Number of protein chains: 2
Amino acid sequence: MRISGLSAVTGVSVPTIKYYLREGLLFEGVRTSPTQAEYGDDHVHRLRVIRALIDSGVSIAETRKVIRSLDDPPQSPHDLLGAAHAAVTPHFAEDLDIAAAELLVTRLGWQPGLCDPDVVAGVARALQSLERADFSVPDDVMTAYLHAVARIARAEIEGIPTESADAAVRYVVLGSVLVEPLILALRRVAEQVASAERFGVAGMSPGSAAAAGVAE
Amino acid sequence: MRISGLSAVTGVSVPTIKYYLREGLLFEGVRTSPTQAEYGDDHVHRLRVIRALIDSGVSIAETRKVIRSLDDPPQSPHDLLGAAHAAVTPHFAEDLDIAAAELLVTRLGWQPGLCDPDVVAGVARALQSLERADFSVPDDVMTAYLHAVARIARAEIEGIPTESADAAVRYVVLGSVLVEPLILALRRVAEQVASAERFGVAGMSPGSAAAAGVAE
């Protein structure tokens with residue numbers, strides 16, 4: 001199909017597609033004349049991935065890095081996950097309390113050398129941000145966070161398909177990055193359900209709201 | 001203290017403090033002359049909250065709304081949570097499959113009327129983004145997300161202090177918004193631990209990594 005067809009199928013405007021081509025996010029089509037190129041299903045799929053990343057708040061530069069790990073994946077799924085995380089985790093040049101973050105993630109089974117230092121620095125950055133706001137997470141709540149993310153991660157990693165490298169790459173890269181807004185959105189709903197349960201809400205009595213809630 | 005002292009205590013530059021004053025994020029100091037004002041501990045605390053929100057990626061406009069709910073809190077903690085969520089949840093004008101999102105969050109105990117429609121729309125938007133990238137979350141993994149956020153939310157809502165309205169406000173508003181980067185950062189570490197456990201990592205054998213992991 002021509003670029004106009006690609007635009008029609010994906011809903012992405014022609015100028016935006018041209019921008020992605022210039023930025024190296026989308027690979028070139030097959031030239032059929034000096035001014036025209038032919039695009040295929042691969043372009044449609046890739047364009048959807050690019051849109052999804054950008055819609056999720058991933059920057060152009062980060063999207064380019066994620067896309068590169070789709071095109072040129074490392075050998076092992078563990079390295080691939082590291083590459084996907086590195087693409088979307090900024091390097092923090094500031095002074096952070098890495099030791100406190102390491103102590104916390106030890107409760108997740110973390111050991112030195114096990115993961116990208118920037119990922120642990122991300123935890124340190126988040127803790128610093130809370131501390132600066134004079135906000136401390138109660139112990140019970142922190143324990144709930146650790147259990148929850150451990151449970152999420154186990155299910156996610158168990159779900160990685162290994163029969164096809166291509167499927168594994170898509171699953172790891174997109175699952176890790178694109179799912180973040182879903183988890184945060186679900187948490188907000190769950191908070192409102194739990195707060196209705198504890199405090200009541202107009203037209204509902206406390207205790208009735210979470211009757212249908214998921215069992216642990 | 002003068003504005004220079006406020007800057008020294010908080011590490012926020014004088015021009016930035018003046019910008020926050022103009023934007024209505026920080027309340028004015030007590031005028032001591034036509035060109036000088038006096039600032040106190042309340043300004044220090046507020047400035048830390050503003051910095052923490054902005055550092056967490058919350059926009060100036062959203063920060064202003066969060067700050068307003070700190071200054072003028074609704075009566076019930078449930079309404080307060082709704083106000084905090086509304087401040088940081090965009091209103092999506094686009095066409096979304098709200099019914100699919102509602103069906104999903106029913107598994108969290110959601111019922112019609114229980115929470116801000118924009119919060120459920122946030123779930124619909126996240127699902128749409130995944131669908132557009134041709135990525136589907138496996139059933140087991142989705143169940144893990146639902147259980148995890150339900151567990152998180154229960155611990156968080158149980159932790160809301162009710163003896164002081166001020167403490168409740170800070171806890172709900174900041175806990176809901178500022179903790180998001182922490183949860184995402186912890187998830188990345190947990191994913192790397194689980195992937196090292198499943199696939200091994202240079203210098204460690206599979207199976208040894210998560211030995212110290214949290215028990216469910």
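Bear in mind the structure is a predicted one, so any value in this text is a computation, not a measurement. Reminder, nothing fancy here: chain letters follow the sequence lines and each chain counts from 1.
Residue contact with chain A, scored on non-hydrogen atoms closer than 4.5 Å, involves the backbone of B:E158 exclusively. Of the two parts of A:I50, neither the backbone nor the side chain holds a non-hydrogen atom closer than 4.5 Å to a non-hydrogen atom of chain B. Both the backbone and the side chain of B:I160 come within contact range of chain A, judged by heavy atoms closer than 4.5 Å. Contact annotation for A:R125: only side-chain heavy atoms (C-beta onward) come within less than 4.5 Å of a heavy atom of chain B. With a 4.5 angstrom heavy-atom cutoff, A:E131 does not touch chain B via any of its atoms.
Here the shortest heavy-atom pairing between B:V119 and A:A185 reads CG1-O, 4.5 Å. For B:R151 against A:A144, the heavy-atom pair with the smallest separation is O-CB, 4.2 Å. Considering all non-hydrogen atoms of both residues, A:V149 and B:I183 come closest at CG1-O, 3.8 Å. Across all non-hydrogen atoms, the minimal contact from B:A194 to A:A153 is CB-O, 3.9 Å.
Between B:M142 and A:L182, some side-chain heavy-atom pair lies under the 4.5 Å cut-off. A:R51 has its side chain out of reach of B:R132: every pair of non-hydrogen atoms, C-beta onward, lies at least 4.5 Å apart. Counting heavy atoms from C-beta outward, A:Y145 and B:E156 have side chains that approach closer than 4.5 Å. Side chains of B:V141 and A:Y171 form a contact here, defined as non-hydrogen atoms less than 4.5 Å apart. Taking 4.5 Å as the limit, some side-chain heavy atom of A:R188 sits within range of a side-chain heavy atom of B:E180. Residues A:L184 and B:L184 form a side-chain contact, since some pair of their non-hydrogen atoms from C-beta on lies under 4.5 Å apart. Using a 4.5 Å cut-off on side-chain heavy atoms (C-beta onward), B:R187 and A:V179 make contact.
For the options A:G159, A:A126, A:S136, A:A121, heavy-atom pairs under 4.5 Å to chain B are most numerous at A:A126. Comparing B:P181, B:A124, B:G175 by how many heavy-atom pairs each has under 4.5 Å with chain A, the most go to B:G175. Ranked by heavy-atom pairs under 4.5 Å with chain A, the first of B:C115, B:G122, B:G11 is B:C115. For chain A, the option among B:D140, B:V105, B:D134 with the highest count of heavy-atom pairs below 4.5 Å is B:D134. Put simply, of B:L130, B:V137, B:V49, the one with the most heavy-atom pairs under 4.5 Å next to chain A is B:L130. Annotation: maximal heavy-atom pairing with chain A below 4.5 Å, among B:Q128, B:Q192, B:H45, B:R48, occurs at B:Q192. The candidate from B:V189, B:T10, B:L178 with the greatest count of non-hydrogen atom pairs under 4.5 Å with chain A is B:V189.
Considering CG of B:L114 and CD of A:E197, their distance stands at 9.5 Å, rounded to 0.5 Å. Of the inter-residue distances, the one linking B:I152 atom CD1 with A:L186 atom CG reads 10.5 Å to the nearest 0.5 angstrom. Rounding to the nearest 0.5 Å places OG of B:S129 at 11.0 Å from CD1 of A:I54.
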Exercise for review: Decide salt bridge (charged side-chain N to carboxylate O under 4.0 Å, His left out) for A:E191 and B:R154; before the verdict, give the C-alpha distance in whole Å, the side-chain angles of both, and the deciding distance to 0.1 Å.
Suggested key: CA-CA 7 Å; A:E191 285 178 340; B:R154 266 199 303 275; over 6 Å; no

